[in-house]
There are 2 protein chains.
Amino acid sequence: MPTIRQLAALAGVSHSTVSRALRDDPQIGEATRRRIQALAREYHYQPNRLAQGALSGASRLLGFISGDLSLPFGARLLRGIYDAAYGAGYQVLVTETWREMPRLLQAVHTLLAQRVQGMLIVHINPIPLPRQAVLEIISHNVAAVLLDHSRAERPLTRVCTDESALADLAVGYLHDLGHRHIAFVGPSIGAFRGERTAAIRQALTRRGLSSQYLVDWQTEAYHGFSAATTLARALAHRPCPTAIIGFEDRIAAALIQAAQARRLSVPRAVSIMGCANLNIAEFTAPPLTSIEQHPEEIGRRACRHVIARLTAPDPAGGDVPALIQVPPTLVIRDSCAAPAR
Amino acid sequence: MPTIRQLAALAGVSHSTVSRALRDDPQIGEATRRRIQALAREYHYQPNRLAQGALSGASRLLGFISGDLSLPFGARLLRGIYDAAYGAGYQVLVTETWREMPRLLQAVHTLLAQRVQGMLIVHINPIPLPRQAVLEIISHNVAAVLLDHSRAERPLTRVCTDESALADLAVGYLHDLGHRHIAFVGPSIGAFRGERTAAIRQALTRRGLSSQYLVDWQTEAYHGFSAATTLARALAHRPCPTAIIGFEDRIAAALIQAAQARRLSVPRAVSIMGCANLNIAEFTAPPLTSIEQHPEEIGRRACRHVIARLTAPDPAGGDVPALIQVPPTLVIRDSCAAPAR
DNA sequence: TTGTATGCGTTATCAT
DNA sequence: ATGATAACGCATACAA
C-alpha cells in the first residue's frame, strides 16, 4: 500500500494535491481529481488513520470494556454498539476485565493510551465501578457510558432496560392471566437490592397484589444458587404462589427443571417467567415466556449518546442525562398459563 | 493528559530525556529517571499509541471480523482472541459484516486503513470468502486467520475444531452405549458437504456401522429447517436409528422438542446428541449431551498464530500451516442412554 | 488550481 | 548523561 507521497509521485503532483483530491476538496481540478482517485483505487491506497489521528487528535476510536466477553447478552450489546459506531464512522476497540478490578483499571489505561474518544462499559453487575477508574476517565475528558448496570455511578450516564416497564409487563401479564399470588426470585448481593426487585414490588402493589413473595439469596446471581432450594422457599409461602418470575432466564430455566424434578407441571401447576429473553428461552421445556430487553438497542443508544457528546458544541453543559431507559417487550411462549382454580 | 513535551517542560528537561526515562534507557541518570517517572505517574501520562504506531509502522492492532457478533460461539472466540492479544500487548479492533459480502470487503478496507497487523475472521459458514478480500489482505502483507470455518480458503490458515476427533467422540460414545443405528442430521448448503458430515461418516464406518443414516437439507443451517420433518426423515430409515447426532446444539435441542411432541421419550425411545456445547445445552429437557469445542481455545490459538507470524523473522517461508485443529471434549448430560432393547 | 512549509506526539540519531 | 534535530504519514495555512 503506497503512502500519500508515493501516490503523489506516481501522479506527478504534490502530496497535498492528492490529499485534497481524495477529500473531494471543492477547489481542485476535475480532471486531476478523477485521475488521482482512479490511481488511488488502482493501488488500493487507504489514508493511514493512525497518522490522521495523531495529527488531528480525533482518533475516531471508541473503547468497549466488558467484564466477561463470552456472555450472550454482552455480545448483543456489542453488536448494537458496533452498529451505531459503524454508522458514524467510529471504530471499536474491545477489552475484557475477566471480572477483576485491577484489570478494569488497566483496561481504562490502555484505552486512554489508544486515545479513544469514548468508552462503553459493561461492568459486572452490580459491583460498583472503582472510583479511581471513573475519575480517570472523566479527568481525561472521555465520554463514558455504563451499560446494563443496576447501580448508578455518579457522573456517568447509564443506559438500561426500563425496569419499571419490565416489571409492569411481567406482573401485568400474569395478573391478567388470573394470577393473584406471584413470587419473584432473584439475587441480592450484599446490602444492594436490585432495581428489578424494587420495580417488581411496586408493580405488584400497584395492582393491589401482595409483595410478600420475594425470595432472594445473599450471593452473586449464579454463585451458590440452588434452584431446588429457591423453588422450595418460594412455594413455602401461604397462600402458595401460582406464578414465579425469575430475575433472569437462567434462573427461570433452572426453576423449571427444579419444578419438574418435583413433578410439578409447568405451567399447569405453576407458571414460570424469565427476563432477558436469552437464547436458552426457546429451548426449555416448555419454552420460556420472557421479557425481551433488546440489548442491541441498549448498545446502540449508548453508543449514539457517546458520539453525540463527542460532536456536541459544549460538553460542559449539565444536560447529560443520568439514565437512558430502553423499553422491554413481552415474548409469550408456553411457560405461563392461567392458574388452576 | 500531558504530551511528552509538556511533561518535559514540567520536569525542566528535553522531551527526548523524558522518552528515554520512561523507556528505562540504560544511559539515563538514576535520579532523573526516578523524578520523571514520578512526574509521569502524577500527571497520568500515557504515551500516545497512535503516534507511536504512526512512527514505527507497528500499530500493535489486530482486527476481528465477525459475520454476526451476537452469536454466543463467536463471543467465546472473541474472548480467546482477546486473551491472547492482551497477553502479547496487542489491541483488538472489532468489526461486523452482518453476513453481507460488501460489508466484508468494507471491513477489510477499514481495518487496513487502521493499519492492523493481523486479522481474525469468523465468516459465515460455509460461504466462501470473497476472493477479492483474501487477495487484498495478503497483498497488504497482513497475517490473517480464518476461524471455525469448514471450508479452506487457500493461502489463509484455518483454526478449527478437530472434526475427526469430534466425530470419534460422538460416534464412539453412542456406540459404546450400545447404539448400532446412528443418524446424523445437518445442513448441506449447495454443493458443499460439511467436513462434519464426512467425519461422522468415517467414524461410523471405522466402527463398522452403517453410514446410511444421513439426513440433510439444502439450505443454510437454520433457514427453513423443520425439526419435525427432519426427525421424521431420520426415523423413517429401517432399521430405525436409536440415536441421532445433531450437527449443532440448536438442531439437537429442536429435535428433542420435536421428539417429545411425538411422545417419543428422550433418551428412552431415542438418544439425541448435540455439538458445540452451547449455553442452551444445560437447559433443555433432558439436558443435552454435547461436544465441547472450546471456542476460547480456538480463538487463543488463532491469535497466537497471527502474533507469531508477526514476530517471525521471515514470514515468507512456506511453513505456515494450512490448518490448526483444536481437540474437542465430550460433555455427558442426560439426553443419551443405552438403547431400549 | 496547485505546491511549499509547518505541525501532530512520538522515537531514533545525531551531537555535546 | 542530556539536548537538538529529523522522521513517520498525514492535513492544512499560506504562498504562488
Side-chain angles (χ1 to χ4, degrees), chain A residues 1-37 39-40 43-61 89 91 110-117 140-141, chain B residues 1-37 39-40 43-61 89 91 110-117 140-141:
Chain A
M1 174 145 51
T3 73
I4 198 172
R5 295 191 129 88
Q6 295 172 309
L7 203 65
L10 251 37
V13 296
S14 82
H15 68 276
S16 34
T17 303
V18 174
S19 174
R20 279 190 279 253
L22 295 176
R23 317 196 107 254
D24 281 325
D25 192 305
Q27 44 178 11
I28 199 79
E30 179 61 23
T32 333
R33 215 198 58 192
R34 263 203 228 291
R35 191 163 52 89
I36 291 177
Q37 291 194 346
L39 219 55
Y43 287 89
H44 294 117
Y45 171 78
Q46 292 280 120
N48 186 332
R49 303 222 45 172
L50 260 44
Q52 288 181 325
L55 180 62
S56 66
S59 62
R60 297 200 83 83
L61 243 38
Q91 299 300 312
T110 308
L111 291 179
L112 253 19
Q114 296 282 350
R115 295 301 186 271
V116 297
Q117 302 182 262
H140 287 267
N141 203 31
Chain B
M1 176 146 47
T3 72
I4 198 172
R5 296 191 127 89
Q6 295 172 307
L7 204 65
L10 251 36
V13 295
S14 81
H15 70 277
S16 23
T17 303
V18 174
S19 176
R20 278 190 281 251
L22 296 176
R23 320 195 103 254
D24 282 324
D25 192 303
Q27 44 179 11
I28 199 80
E30 181 60 22
T32 334
R33 215 199 58 192
R34 265 203 227 291
R35 191 164 51 89
I36 292 177
Q37 292 192 347
L39 218 56
Y43 287 89
H44 293 118
Y45 171 78
Q46 291 281 118
N48 186 332
R49 303 219 47 166
L50 259 44
Q52 288 180 326
L55 181 60
S56 67
S59 62
R60 296 200 84 82
L61 244 37
Q91 299 299 312
T110 309
L111 291 179
L112 254 19
Q114 296 282 353
R115 296 301 186 270
V116 298
Q117 302 181 260
H140 286 267
N141 203 31

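- Map Ser14(B) and Arg49(A) each onto its nearest nucleotide of DNA chain D; the residue landing nearer the 5' end is Ser14(B).
- Here dC8(D) is the nucleotide among dC8(D), dG9(D), dT2(C) with the atom lying nearest to any side-chain atom of Leu55(B).
- What separates CZ of Arg60(B) from P of dT11(C) is a distance of 13 Å, to the nearest Å.
- A sub-4.0 Å separation between OP1 or OP2 of dA11(D) and a side-chain N or O of Ser19(A) is present.
- For Thr32(B), counting side-chain heavy atoms from C-beta on, the closest listed nucleotide (dG9(D), dT11(C), dT2(D)) is dT2(D).
- Between the CD atom of Glu30(B) and the C1' atom of dT2(D) there is a distance of 16 Å, given to the nearest Å.
- Place Ala54(B) and Pro26(A) on DNA chain C by their nearest nucleotides, and Pro26(A) ends up nearer the 5' end.
- When rounded to the nearest whole Å, the span between CG of Leu22(A) and P of dG9(D) equals 16 Å.
- At least one side-chain nitrogen or oxygen of Gln52(A) sits closer than 4.0 Å to the OP1 or OP2 atom of dA11(D).
- Side-chain atoms of Ile4(A) and Tyr45(A), non-hydrogen and from C-beta on, do get closer than 4.5 Å to each other.
- Atom CD in Gln27(B) sits about 13 Å away from atom P in dC14(C), given to the nearest Å.
- Set against dG9(D), dG9(C), dA1(D), the side chain of Arg5(B) has dG9(C) as its closest nucleotide.
- In this structure, Ile4(A) places its CD1 atom 11 Å from P of dT12(D), rounding to the nearest Å.
- Gln6(B) comes within contact range of no nucleotide atom at all, as no heavy-atom separation falls under 4.0 Å.
- Between the side chain of Arg115(A) and the base of dG9(C) there is no donor-acceptor pair of N/O atoms closer than 3.5 Å.
- Distances shown here put a side-chain N or O of Tyr45(B) below 4.0 Å from the OP1 or OP2 atom of dT10(C).
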Could you pull out all donor-acceptor pairs under 3.5 Å where a side-chain atom in residues 8-17 of chain A meets a protein atom, sequence neighbours excluded?
{"unit_1": "Ser14(A)", "atom_1": "OG", "unit_2": "Ser16(A)", "atom_2": "N", "d": "3.4"}
{"unit_1": "Ser14(A)", "atom_1": "OG", "unit_2": "Ser16(A)", "atom_2": "OG", "d": "2.9"}
{"unit_1": "Ser14(A)", "atom_1": "OG", "unit_2": "Thr17(A)", "atom_2": "N", "d": "3.4"}
{"unit_1": "Ser14(A)", "atom_1": "OG", "unit_2": "Thr17(A)", "atom_2": "OG1", "d": "3.3"}

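- Distance, Gln46(A) CD to dA11(D) P: 12 Å, rounded to whole Å.
- The shortest distance between the side-chain N/O atoms of Ser56(A) and the OP1/OP2 oxygens of dC8(C) is not below 4.0 Å.
- Going from atom CD of Gln117(A) over to atom CG of Asn141(A) covers 10.5 Å, rounded to the nearest 0.5 Å.
- The CG atom of Asp25(A) sits 11 Å away from the P atom of dA13(D) (whole-angstrom rounding).
- Scanning both residues, Leu50(A) and Ala54(B), for their nearest heavy atoms gives CD2-N, 4.1 Å.
- Residue side chain Arg20(B) reaches the base of dG3(D) through a donor-acceptor N/O pair under 3.5 Å, judged by distance alone.
- Candidate nucleotides dT12(D), dG3(D), dG9(D) were compared by shortest atom distance to the side chain of Ser16(B), and dG3(D) ranks first.
- You'll find that the side chain of Thr17(A) is closest to dT2(C), out of dT2(C), dT10(C), dA11(D).
- Closest heavy-atom contact between Gln91(B) and Gln114(A): CG-NE2, 2.9 Å.
- As a whole-Å value, the separation of Leu50(B) CG from dC8(C) P is 15 Å.
- No hydrogens or angles were tested; on distance alone, nothing pairs the side chain of His15(B) with the base of dT2(D) as donor and acceptor under 3.5 Å.
- In the set dT2(D), dA11(D), dT10(C), dT2(D) carries the atom at the smallest distance from any side-chain atom of Ile28(B).
- Looking at heavy atoms from C-beta onward, Asp24(A) lies in side-chain contact with Gln37(A) at the 4.5 angstrom threshold.
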